[in-house]
Number of protein chains: 2
Amino acid sequence: MPGEVHVMRRMASRPASLAAATHCPPCEVRPQALFGALADATLSHVRLDIASVPLAADESLYLRGETGPAAYTVRSGLVRLERVTEAGHRRIVRLAGRGELIGQEALLERPFADEAVACMPTVLCRLPRSAIERVAQADPALPRALMLRWQAALEQAESWIADISTGPSRRRMLKLLERLLPHADDQGRVWLPRRQEIGDMLDITLETASRLVSQLSREGVLASVDGRRATVDVARLAQVLVAADR
Amino acid sequence: MPGEVHVMRRMASRPASLAAATHCPPCEVRPQALFGALADATLSHVRLDIASVPLAADESLYLRGETGPAAYTVRSGLVRLERVTEAGHRRIVRLAGRGELIGQEALLERPFADEAVACMPTVLCRLPRSAIERVAQADPALPRALMLRWQAALEQAESWIADISTGPSRRRMLKLLERLLPHADDQGRVWLPRRQEIGDMLDITLETASRLVSQLSREGVLASVDGRRATVDVARLAQVLVAADR
DNA sequence: CGAGCCGTTGAGGGGATTCAAGCTCAGTGG
DNA sequence: CCACTGAGCTTGAATCCCCTCAACGGCTCG
């Protein structure tokens, strides 16, 4: 089994250093975020103590098993949700990017199911349970918005099984690239995980991950691989994907 | 990649043949089911058109991509949630047993994310969206109950990744047995899937699944394997699990 | 500049797949 | 009645993909 967890990781000194509490309306991700569907009027007359939480790369937001008083929306960056097996192997079970909600179990007063770690410098909005409840009282549309988030998370987890965890390693890698595409930066460059992280997502060893990245670079699917950034030839990706999937 | 889908499966002529509509209170699974937490008083004065849906083994309840007007609670039996890859390989992503809620996406008017198929003769309660909405109006505790279901499904999907889809095939098989244990019948016998189904759950071939079952029988982890029923030596299972997990 | 992390590549071994044969059992029809 | 069939399961042999172990280079940082 691949993926010994051997990285000693800096932890967020919880409560993480918060930027000044802000109101929601000026937020750049509001349209996609939890409160995006709600009327401005609702939000403006509800007192919200929503804080901005910055996270360094590889910094942990919360641990599996902890209970916390807040859920989070990813404002920028990328978060991985992972757990560790009894044998000490890490497995990444989901990724959450801009606009996605994580740690929703806190709203039910249940312990976090996974550890949440920033893949890169990341900023989140902290949504305390109390704030959510207050908004829910003011606007009955919130429960539905929350359920839609839950369903989205469920669908992502299930497709992680069918895409990322199924078939030969090459297919899994290609499916992972497909999934990283939407999180590309403004120059269209996707974030390439460390080889070890790729391994923890695909359940392969870091050596196999490295060989796959090299091979895909040679084939031109990946271009200008510099460190953790790369451009993906989307057409070629689709092409080799159907070939690998047969 | 394992698991060609080659079984021509009988489909439920939808709408499936329904037993007479019943009220919830006398239901044997109500305590664990969606309406279990709600007051009897609430349920008795809300008109519910909840129907009992029987399903034969390998009969499909709904297909991926379909939209439907109802979610379902498993009253007895076992349901598998599966999808098929572009290459035509099946992958089972979740199991739902007695008391569990499936097809919740219908409550949001979203298409079903997976196909739901009965593993054995199964009975479900059909919960139309309209009924859920009426109950929600009468009892404000329902949204929370629903969210708890969503969270449970999400946690099951994520642990399916970490348990069933991670590590060597032997470990996956043992984890699968662990997960079948709670669904054992009244004589403590677990349902053993077909070898092909095991393959579709663990992403291995049916031959490998067969070898694993044979090996575990020889080792005494599985006993009295007759057809699709077997007893599991729980102590020995735990024992070989820690051994395999190292 | 040495230490540690990250990535790459090679060689060898092992676990899972592939291909194949043969078995049991239920259903079917001559 | 019994061959005939097809589905499901098992087992063997050969192949291949991925893991393991190992060595090495680039890079950052103390």
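Just so we're on the same page: letters track the sequence lines, and every chain starts at 1.
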What is the distance, rounded to the nearest whole Å, between atom CD1 of A:I204 and atom C1' of C:dA16? 16 Å
Grab the N/O contacts between the protein and nucleotides 10-15 of chain D below 3.5 Å, and write none if there aren't any.
| from | atom 1 | to | atom 2 | distance (Å) |
| --- | --- | --- | --- | --- |
| D:dT10 | OP2 | B:R195 | NE | 2.7 |
| D:dT10 | OP2 | B:S210 | OG | 2.8 |
| D:dT10 | O5' | B:S210 | OG | 3.3 |
| D:dT11 | OP2 | B:S214 | OG | 2.9 |
| D:dG12 | N7 | B:R211 | NH1 | 3.1 |
| D:dG12 | O6 | B:R211 | NH2 | 3.2 |
| D:dA13 | N6 | B:R211 | NH2 | 3.4 |

For A:R98, check salt bridge (charged side-chain N to carboxylate O under 4.0 Å, His left out) against everything at least two apart and list the hits. none
What integer distance in Å separates A:H89:NE2 from D:dT20:C1'? 13 Å
To the nearest angstrom, how far is B:R172 atom CZ from C:dT17 atom C1'? 13 Å
Residues passing the side-chain contact (heavy atoms from CB on, under 4.5 Å) test with A:V213, sequence neighbours excluded, are A:M173, A:L192, A:R195, A:I198, A:S217, A:L222
Quick one: label B:R228 by what it contacts on the DNA or RNA (base, sugar-phosphate, nothing), any heavy atom closer than 4.0 Å. sugar-phosphate
Once side-chain contact (heavy atoms from CB on, under 4.5 Å) is applied, do any residues pair with B:E219, and if so which ones, sequence neighbours excluded? B:R170, B:Q215, B:L216, B:V221, B:V240
Distance in angstrom units between A:L222 CG and C:dG7 P, rounded: 14 Å
Residue among B:R91, B:R194, B:R90, B:R83 satisfying salt bridge (charged side-chain N to carboxylate O under 4.0 Å, His left out) with B:D200: B:R90
Residues forming a side chain to side chain donor-acceptor pair (under 3.5 Å) with A:R189, sequence neighbours excluded: A:D226
Here the distance between atom P of C:dG4 and atom CD of A:Q196, to the nearest Å, is 18 Å
Please state how far atom CG in A:L212 lies from atom P in C:dT8, giving the value in whole angstrom units. 11 Å
Between P of C:dT8 and CG of A:L216, the distance in whole Å: 11 Å
Of all the choices, D:dG8, C:dT17, C:dG7, which nucleotide is nearest to the side chain of B:T205 once you look at every atom? C:dT17
A:I198 CD1 - C:dG7 P separation (whole Å): 8 Å
Quick one: side chain to side chain donor-acceptor pair (under 3.5 Å) partners of A:R236, sequence neighbours excluded? A:D233
